[in-house]
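Notes follow once the structure below has been shown.
Computed from heavy atoms alone, side chains included, the values below leave out hydrogens, waters and symmetry copies.
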Amino acid sequence: MANEEVGSHTFSFDDLVNIFSYLPPESLSKCSQVCRNWHEASQVGTLWKRHCLQRWNFCHLAKLKPGERTWQKYFIARNKIETGVATGRPGLDYVCKTLRGHKGQVTDMVFLTTNNIYDEEIIEKNAYPTVASCSQDKSVCLWNVREGKSLWKKQSHESPVACLAVVSHNSVIASGDVEGGIKLWDVKTEQDTALQGSHSAVVTVMVSGKDVIAKGKGDTGSNLLIVGYRDGYVKIWDMRVTLSPQYELTCPLGLDNMTLQGDHLLATASKFESTIEIFDIRYLAPECWKRPEIHTLQHPSDATVSCLSWAPTKGNHLAAGYNNGDIILWNGDSGQQIHCFHGHRDDISCICMLGSTLVSSSHDSTIRLWDLNLLKESQTHRDHNGPITGLYVDAYRVMSCSRDYSIRTYCWSKKASSHGTGSSRTLDSKYTLLGGSLQRAGTGFEKVICDYSTCVGMANDVLKAYSFQV
C-alpha cells in the first residue's frame, strides 16, 4: 500500500495525532516526511508544546497566536542552539569575532538587547544581539556582536568611563565616569544627555529599577537610575521629573557592590568594609515616616565583602561573598545569618543563583555549587588555571571567565537525589573558549555576559564575541 494510502485510509487525523504524542522529537520529525497527512499531523502545536515544556523549565512564547506552528519552530531553533553550546565545535557550532575599536582598557559591557533567552521574536526574525561597552579612552561603543562590527562610537565623556547600565532595553543606556559624570544615551539617535548633580567621586556601580518611591506621579512604568560612588554616596534619579537626583543614601566608603531585589530592596557594600547595608527605597518618599535603612549585616570575623546576589526563590535572602572565601546567606527581612558556606580559599569573585542552587567562583580558580535547601556544597569544578573573574548562569548553561585568557562552558544536567525522591542540579564541564589572539601583556578576561545565542568576554582593549549558530 502506498504511503499516501496509509496516511489517508488507515488512521484518521486525530488517530495520527494521538499516536504521535508518544513519539520523541526525533521520530516526530521523521514522521513529517512520510506523506502529507502525516506531515500535517506531526506539526500540531500541542505535540511540540509538550516536548518544549518537558525539556525546558521556561519558554518565552507569550505572543503565540492560535493556529501558528511556532512551537515546532521554537523547539528546532532552541535545540540547534543548545546542541551547539553543548558541543562547541569552532566554525561549526560557533564563530568567534574580535571587536576592536577602543584605544584603552575596556571597563564594562552590557547587553542592550533583551536577555529573555530564546524569545520567539528573536528566533523568528533572527535579530542581532547588541552590546554596549565603555573604556578608559573616554568612549562608549555599540556593537553588532554577531557580525563583529561597531554600530557607533562616542567620546562625549571628559574622563575615563567606568561603568554602564541599561535603563531601557533596546533604547537607553547610562554611562558613568571617574569624575562623577553620568550620561544617558539614546541608542537610535546616538545622542547623549548629561545628568545634573555635582559630585566628583568615581562612579563605581549603576543599577536601574522600576519607580517604587512615588507611584502617585502617574507614569508608574518609568525607571529609576541608582548610582553608587566610591565615596559611599548613592544618588537616585527619577528622570521624569528632573535631570538632578531627587534622593540620596549614605553607604560605606569605597562602595562598589549594589544589587536590587523586587525593585525596592537595595543591598550595598564596599570591598574595604565587612558590613552590608540594606535599604528599602520605598521609604525615601518625602511623606514617609519610616527610615530607608533597615539592616546592617556584619561578617563575624570582619572579612570584607567582594560580591552580592539576592536569592530569587528564597524570599528576601541575600548571599554575600567575602575576601576570605566565605559565602554567607543572610535573611534580608530579619538581618540574621542563615548559614555560612566554607570551601573557597580566596576572594569570592561572583555569586549567581538558579532556583535553590547557588553558583560561586573565586580567585582560587574553582567554581562551586551549593544547595540552598540542604545548606551544603554539591559540586566543585577546577577547569581554570587562573583567578576566575566573571560568571554567567541561566537555566541551560554556565559560563565562567578567567585571567588565564579562557572562557569555560558548562551545561546543566539532573541526577537522582541521594537523600530521597526528586533530582538535583549538577554541572557538566564541556569545553574551553580560548582568547586566541589576545595580547598576553594584559590581565585576561575580566567579565563575561551572554544572551540566548551569544557569549561575549571582556579583556584588555577588546571584546571577544562567540556566536552560536541560529
(message) Looking only at the side chains, is there a donor atom on one of S413 and D428 sitting less than 3.5 Å from an acceptor on the other?
(response) yes

(request) Please name all residues satisfying ring-ring contact (aromatic ring centres under 6.0 Å, His included) with F279, sequence neighbours left out, ordered by chain then number. (result) none

(request) Considering non-hydrogen atoms only, spot the tightest contact between C251 and T268 and give its length. (result) SG-OG1, 3.3 Å

(message) Any side-chain to backbone donor/acceptor pair from W412 onto D394? Under 3.5 Å, distance only.
(response) yes

(message) Is it the case that the side chains of H344 and D364 hold a donor-acceptor pair, with the cut-off being a distance below 3.5 Å and no angle test?
(response) yes

(request) Using atom types as modelled and distance alone, determine if a side-chain donor or acceptor of S135 lies under 3.5 Å from a backbone N or O of H102. (result) no

(message) Holding to salt bridge (Lys or Arg N to Asp or Glu O under 4.0 Å), I want the full list of residues that pass it with K447, two or more places apart in sequence or in another chain.
(response) D108

(request) Answer yes if the side chains of S362 and S349 hold a donor-acceptor pair under 3.5 Å, and no otherwise. (result) no

(request) For D280, enumerate each residue passing the salt bridge (Lys or Arg N to Asp or Glu O under 4.0 Å) test, keeping only those at least two apart in sequence or located in another chain. (result) R282

(message) Using a 3.5 Å distance criterion without hydrogens, assess whether the side chain of H295 forms a donor-acceptor pair with backbone atoms of D333.
(response) yes

(message) A side-chain contact here means heavy atoms from C-beta on lying under 4.5 Å apart; do T130 and F111 qualify?
(response) no

(message) We want to know whether S274 and T304 form a side-chain donor-acceptor pair, criterion being a heavy-atom distance below 3.5 angstrom.
(response) no

(message) Test your reading of the model: is there a side-chain donor-acceptor pair from D256 to the backbone of K271, 3.5 Å cut-off?
(response) yes

(request) Using only heavy-atom distances, determine whether the side chains of K464 and T98 contain a donor-acceptor pair under 3.5 Å. (result) yes

(message) Looking only at side-chain N and O atoms, does S453 offer a donor or acceptor that is under 3.5 Å from a partner on R146?
(response) yes

(request) Report yes if some heavy atom in the side chain of D186 is under 4.5 Å from a heavy atom in the side chain of V172; otherwise report no. (result) no

(request) Decide whether E277 and T296 meet the rule of one side-chain donor and one side-chain acceptor closer than 3.5 Å. (result) yes

(request) Using distance alone, with no hydrogens and no angle criterion, decide if S360 and W370 have a side-chain donor and acceptor under 3.5 Å apart. (result) yes

(request) Scan side-chain atoms only and decide if D238 and Y247 contain a donor-acceptor pair under the 3.5 Å cut-off. (result) no

(request) Calculate, to the nearest 0.5 Å, the distance between atoms NE2 and CG belonging to H363 and N323 respectively. (result) 10.5 Å

(message) Are the side chains of Y229 and V227 in contact, using a 4.5 Å heavy-atom criterion?
(response) yes

(message) What I want to check is whether the side chains of R408 and S402 have a donor and an acceptor closer together than 3.5 Å.
(response) no

(message) Keeping S270 on the side-chain end and P252 on the backbone end, is there a donor-acceptor pair under 3.5 Å?
(response) no

